[in-house]
Amino acid sequence: KVKKILSVSACCSDDFADYINHWKHNGFWLFNNVADMDEIIAKDNIDRSELSLFYYEVFEKEYDQENNSWNDFEPENSFTTNIIKPENPKLEGYDIVTFQIGTSPECSPLSCNSFADKIEVNKNCLFERFSTAKHIIESGFFENGEPGPFRIFAVYTLEY
């Protein structure tokens, strides 16, 4: 039933560029605004018409599966994090992403580990509700997948 994978992770869907080397990302290793991404797109001569644009909001806690606890985390403070919320984002669902190294998003157990085959997700390989994502994490469902900690992201699409 999955038609598209709209994961935060780049395991199943490629990032638009090797953006880390441009050092335009924020402390979440994503972007503060579209303009920062547009600079990379122009510099790397990427065809913008072939891209889909996403906006993410991350839950302020991450789940440590070893201690079964939700813990605070902060963006990397050596990067400016001043996110500008875009107009009219369309909520597509909620993704769960691993952050073992603690910097950039790593794996989404739903798509990367094929857990979406074993649980109800929407057509974009995401949970419909935040409460479902949180409950699934706390239940230990991803125990045999990529190691956490796990963060929950609201995934939005934007007109580009």
Side-chain angles (χ1 to χ4, degrees), residues 1-20 25-34 36-37 51-77 79 81-160:
K1 68 181 175 189
V2 172
K3 305 291 183 206
K4 290 183 186 179
I5 295 177
L6 300 186
S7 173
V8 177
S9 167
C11 289
C12 295
S13 304
D14 293 333
D15 286 329
F16 74 99
D18 185 12
Y19 69 85
I20 300 295
H25 56 278
N26 62 27
F28 291 111
W29 293 69
L30 297 168
F31 294 91
N32 288 319
N33 57 63
V34 176
D36 291 342
M37 294 169 49
L51 301 177
S52 298
L53 186 61
F54 299 93
Y55 169 71
Y56 306 117
E57 292 179 342
V58 65
F59 179 52
E60 65 270 4
K61 300 207 179 266
E62 63 184 13
Y63 191 76
D64 179 344
Q65 62 196 24
E66 292 178 19
N67 296 319
N68 296 320
S69 63
W70 289 97
N71 304 310
D72 294 331
F73 68 92
E74 297 282 328
E76 170 63 44
N77 65 11
F79 296 101
T81 302
N82 186 20
I83 300 164
I84 299 170
K85 185 172 183 172
E87 292 184 28
N88 304 315
K90 179 185 174 205
L91 180 62
E92 300 291 347
Y94 296 88
D95 196 12
I96 296 170
V97 184
T98 62
F99 277 82
Q100 185 179 25
I101 296 171
T103 54
S104 58
E106 294 162 4
C107 295
S108 168
L110 292 172
S111 54
C112 301
N113 300 132
S114 300
F115 280 107
D117 293 341
K118 301 174 180 109
I119 196 162
E120 188 173 334
V121 295
N122 67 20
K123 67 181 181 177
N124 298 313
C125 200
L126 302 169
F127 291 112
E128 286 291 329
R129 291 182 299 283
F130 171 84
S131 59
T132 304
K134 189 171 186 278
H135 171 73
I136 293 299
I137 290 172
E138 292 170 343
S139 74
F141 185 77
F142 298 128
E143 201 167 84
N144 294 319
E146 299 290 334
F150 299 109
R151 296 181 188 171
I152 302 172
F153 283 81
V155 177
Y156 296 85
T157 52
L158 301 171
E159 294 297 319
Y160 200 40

Testing the basics here: between [X] and [Y], what is the closest heavy-atom pair and its distance to 0.1 Å?
X      : Y      : answer
Glu57  : Tyr156 : OE1-OH, 3.1 Å
His25  : Ile20  : CE1-O, 3.7 Å
Pro147 : Gln100 : CG-OE1, 3.5 Å
Ile5   : Ser111 : CG2-CB, 3.8 Å
Asn124 : Glu92  : ND2-OE1, 3.1 Å
Tyr94  : Leu110 : O-CD1, 4.4 Å

Could you point out which residue of Ile152, Leu126, Val97, Val58 forms a side chain to side chain contact (heavy atoms under 4.5 Å, CB included) with Val8?
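For Val8, the side chain to side chain contact (heavy atoms under 4.5 Å, CB included) test succeeds with only one of Ile152, Leu126, Val97, Val58, which is Val97.
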Residue Lys3 excluded, over 12 heavy atoms near NZ under 6.0 Å:
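Open.
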Could you tell me whether Lys90 atom NZ has more than 12 heavy atoms of other residues or ligands within 6.0 Å of it?
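Counting neighbours around NZ of Lys90, 12 or fewer heavy atoms of other residues, nucleotides or ligands fall under 6.0 Å, so no.
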Measuring from [X]:[atom1] to [Y]:[atom2], what's the distance to the nearest 0.5 Å?
X      : Y      : atom1 : atom2 : answer
Asn68  : Ile137 : CG    : CD1   : 12.0 Å
Ile119 : Ile136 : CD1   : CD1   : 3.0 Å
Arg151 : Glu60  : CZ    : CD    : 12.0 Å
Phe79  : Leu30  : CZ    : CG    : 11.5 Å

Should the pair Phe142 and Phe150 be assigned to parallel (<30°), tilted (30 to 60°) or perpendicular (>60°) ring geometry?
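Tilted, since the angle between the ring planes falls between 30° and 60°.
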I'd like to know if the side chain of [X] reaches the main chain of [Y], judged simply by a donor and an acceptor atom lying under 3.5 Å from each other, with no hydrogens or angles considered.
X      : Y      : answer
Thr81  : Asn26  : no
Ser104 : Trp29  : no
Asn122 : Glu128 : no
Asp36  : Phe31  : no

Less than 4.5 Å apart, side chain to side chain, heavy atoms only: is that true for [X] and [Y]?
X     : Y     : answer
Lys61 : Asp72 : yes
Ile96 : Tyr63 : no
Phe59 : Trp70 : yes

Between Glu120 and Lys1, is a side chain to side chain contact (heavy atoms under 4.5 Å, CB included) present by the stated rule, with each step listed?
CA-CA 9 Å; Glu120 188 173 334; Lys1 68 181 175 189; 3.4 Å; yes
Check step by step if side chain to side chain contact (heavy atoms under 4.5 Å, CB included) holds for Glu106 and Ile101.
CA-CA 8 Å; Glu106 294 162 4; Ile101 296 171; 3.2 Å; yes
Start with the C-alpha gap between Asp95 and Ser7, add the side-chain angles, then the distance that decides, and say whether side chain to side chain donor-acceptor pair (under 3.5 Å) holds.
CA-CA 6 Å; Asp95 196 12; Ser7 173; 3.1 Å; yes
Would you sort out whether Leu158 and Phe54 count as a side chain to side chain contact (heavy atoms under 4.5 Å, CB included), showing the intermediate values?
CA-CA 6 Å; Leu158 301 171; Phe54 299 93; over 6 Å; no
Assess whether side chain to side chain contact (heavy atoms under 4.5 Å, CB included) is satisfied between Tyr19 and Met37, documenting all intermediate values.
CA-CA 8 Å; Tyr19 69 85; Met37 294 169 49; over 6 Å; no
